[in-house]
A.B. asks: 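Please read through the structure below; I'll follow up with questions.
Bear in mind the structure is a predicted one, so any value in this text is a computation, not a measurement. Every chain is numbered from 1, with letters handed out A, B, ... down the list of sequences.
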2 protein chains.
Amino acid sequence: MRSASAAEDSTARARIRDAAVLRFSREGFRASLRTIAQEAGVSAALVVHHFGSKDGLREACDEHVLAVIREQKRDAVGPTGPTQLLARMAELDEWAPLVGYALRSMQAGGDLARAFLDHFAADAEEYLREGVAAGTILASRDEVARARYLTVMGYGAFLLDIALHPPEDPADLRAYLHGYLERTGLPAMELFTQGLFTDRSMLDAYLMYVTDPPAEG
Amino acid sequence: MRSASAAEDSTARARIRDAAVLRFSREGFRASLRTIAQEAGVSAALVVHHFGSKDGLREACDEHVLAVIREQKRDAVGPTGPTQLLARMAELDEWAPLVGYALRSMQAGGDLARAFLDHFAADAEEYLREGVAAGTILASRDEVARARYLTVMGYGAFLLDIALHPPEDPADLRAYLHGYLERTGLPAMELFTQGLFTDRSMLDAYLMYVTDPPAEG
DNA sequence: CAAGATGCTAAACGCGCGTTCAGTTGGGCA
DNA sequence: TGCCCAACTGAACGCGCGTTTAGCATCTTG
């Protein structure tokens with residue numbers, strides 16, 4: 001079936017789509033149709049001919065990226081966290097444009113971003129439950145909310161870090177990810193194993209507040 | 001000196017700057033000069049006359065927003081967390097455009113975003129040290145890295161959440177913030193008081209890895 | 001009062017964008 | 001063979017953008 005990867009599809013349509021993913025990944029969604037067409041070695045008119053409009057092209061890219069990442073996840077052996085999935089994919093240069101596209105998409109918001117996050121949050125929930133069952137992870141009063149919170153936090157921190165320190169070579173997500181993990185590894189580990197507070201008073205105060213909220217101003 | 005607020009400055013230059021902050025806050029930095037000029041009740045040419053170019057206008061907005069937020073912070077009585085600063089400011093409709101501008105700026109990256117985060121991370125560091133000294137917060141092996149990590153995480157999560165669920169009325173940050181805190185309050189409190197793992201094995205493994213890293217591939 | 005700076009505008013310029021259009025090529029099929 | 005349809009292109013269109021230019025009032029100042 002799949003001889004090596006989807007890149008083997010050398011129809012003009014696929015070439016345009018791949019070129020679009022690459023340029024969107026590098027330049028954001030401001031990348032022009034003409035630039036994309038040039039990268040694919042076709043005319044700008046052909047892009048519109050195949051995808052109807054620039055928005056149509058973006059939708060096609062969205063579907064493609066989501067499909068590939070889902071397939072990658074299915075093929076992955078054993079459970080891995082959602083962050084680890086993109087991280088491992090970034091390790092292979094072949095997938096770098098897809099990961100870059102996904103990150104751009106999350107930063108821009110929209111349907112694909114929501115789809116990604118729902119997907120990853122659902123994964124996180126599963127892995128957290130497994131951890132709780134295995135006794136390695138503490139139980140939460142609201143597993144769904146926790147999974148979502150941790151997912152949004154992880155990706156949000158990574159995206160903001162990228163925005164603050166844009167890599168000179170956007171293609172080299174590998175190097176960037178390495179540096180990011182180096183910077184955040186220790187505080188993350190401390191937070192996840194020890195928390196931040198020395199006692200339960202803040203949590204108890206919050207729980208009290210939630211169950212018996214003060215009157216609205 | 002300051003009769004009520006900076007909004008009292010009714011020179012055309014100030015009106016243009018305030019209009020720019022408002023529109024940038026609502027529409028992002030794609031907002032056009034003509035739109036901003038119209039909002040300020042002047043011609044587009046006058047904007048260029050006063051600020052040289054659109055980039056010049058953005059720089060002026062950056063300086064203004066940073067200055068106002070710093071001043072607000074100085075006036076604030078007692079220590080408050082950096083997140084709480086923006087949160088409290090968002091409560092007052094008067095400051096909402098400034099806060100919106102700051103958030104847009106962080107999402108877009110650039111110098112102002114770095115300035116904000118350095119500022120807030122330094123604040124966080126101070127408050128964390130106070131907490132450690134007071135015995136309410138656990139000490140970290142690297143206070144600087146932890147302060148930065150928590151700051152990037154907090155704002156990153158909030159920004160991603162906004163991108164995923166853009167409020168229908170961007171001006172009403174107040175309502176949005178309320179919903180966000182409702183969604184994340186419990187898992188955040190749990191994480192900060194209890195951590196995530198049941199034992200120290202992950203942290204110990206990480207510390208071992210850092211002090212004695214495996215050979216590079 | 002003359003002269004020049006200052007605040008400000010209407011109109012236009014040039015550019016890059018997404019998109020459209022008329023037309024060419026070439027393979028599949030009655 | 002003749003026809004058609006799909007793939008594809010170069011040129012142009014229309015638009016909105018940031019910016020420029022020329023000119024007009026209105027103050028300031030010697």
A.B. asks: Quickly work out the A/R15 CZ to D/dC8 P distance and round it to whole Å.
C.D. replies: 7 Å
A.B. asks: Measure from the side-chain N and O atoms of A/E143 to the backbone N and O of A/E125, and report whether any donor-acceptor pair falls under 3.5 Å.
C.D. replies: no
A.B. asks: Can you measure A/K54 atom NZ to C/dT20 atom P for me and round it to whole angstrom units?
C.D. replies: 15 Å
A.B. asks: Compute both the distance and the angle, then confirm whether A/R104 meets the cation-pi test with A/F24: under 6.0 Å from the six-membered ring centre, within 45 degrees of the axis.
C.D. replies: no
A.B. asks: Can a side chain N or O of A/S53 be found less than 4.0 Å away from OP1 or OP2 on C/dG18?
C.D. replies: no
A.B. asks: Rounding to a whole Å, what distance do you find between A/R13:CZ and D/dA6:P?
C.D. replies: 15 Å
A.B. asks: Specify the separation, in whole Å, of atom CD of B/Q38 and atom C1' of C/dT9.
C.D. replies: 15 Å
A.B. asks: Taking CD from A/E27 and P from C/dC17, how many angstroms apart are they, rounded to a whole number?
C.D. replies: 10 Å
A.B. asks: In whole Å, what is the span from the CZ atom of B/R30 to the C1' atom of C/dC17?
C.D. replies: 15 Å
A.B. asks: Taking the side chain of A/A45 as heavy atoms from C-beta outward, which of D/dT21, C/dC21, D/dG18 is closest to it?
C.D. replies: C/dC21
A.B. asks: If you look at every heavy atom in B/Q107 and B/L159, which pair is closest and at what distance?
C.D. replies: N-CD1, 4.3 Å
A.B. asks: Answer with yes or no whether the side chains of A/H50 and A/R13 bring together a donor and an acceptor at under 3.5 Å.
C.D. replies: no
A.B. asks: Expressed in angstrom and rounded to an integer, what is the separation of A/I36 atom CD1 from C/dT19 atom P?
C.D. replies: 11 Å
A.B. asks: When the nearest nucleotide of DNA chain C is assigned to A/G52 and to A/T35 on a heavy-atom basis, which residue is associated with the more 5' position?
C.D. replies: A/T35
A.B. asks: Which of these nucleotides, D/dT19, D/dA7, C/dG18, is closest to any side-chain atom of A/L46?
C.D. replies: D/dA7
A.B. asks: For C/dC8, does either OP1 or OP2 sit under 4.0 Å from a side-chain N or O belonging to B/S43?
C.D. replies: no
A.B. asks: Of all the choices, C/dT20, C/dG18, C/dT9, which nucleotide is nearest to the side chain of A/R34 once you look at every atom?
C.D. replies: C/dG18
A.B. asks: Say whether, by atom type as modelled, one donor and one acceptor occur between the side chain of A/T35 and the main chain of A/A31 under 3.5 angstrom.
C.D. replies: no
A.B. asks: Once you round it to whole Å, what is the distance between C1' of C/dG18 and CZ of A/R58?
C.D. replies: 15 Å
A.B. asks: Looking only at side-chain atoms of A/A12, point me to the closest of D/dC17, C/dT19, D/dC8.
C.D. replies: D/dC8
A.B. asks: Compare the minimum distances between each of C/dC17, D/dC8, D/dC17 and the side chain of A/H50, then state the nucleotide with the smallest one.
C.D. replies: D/dC8
A.B. asks: As a test of reading the structure: which of C/dC8, D/dT19, D/dG10 is closest to the side chain of B/A44, going by heavy atoms?
C.D. replies: D/dT19
A.B. asks: Can you check whether A/H49 has a side-chain N or O nearer than 4.0 Å to OP1 or OP2 of D/dC8?
C.D. replies: no
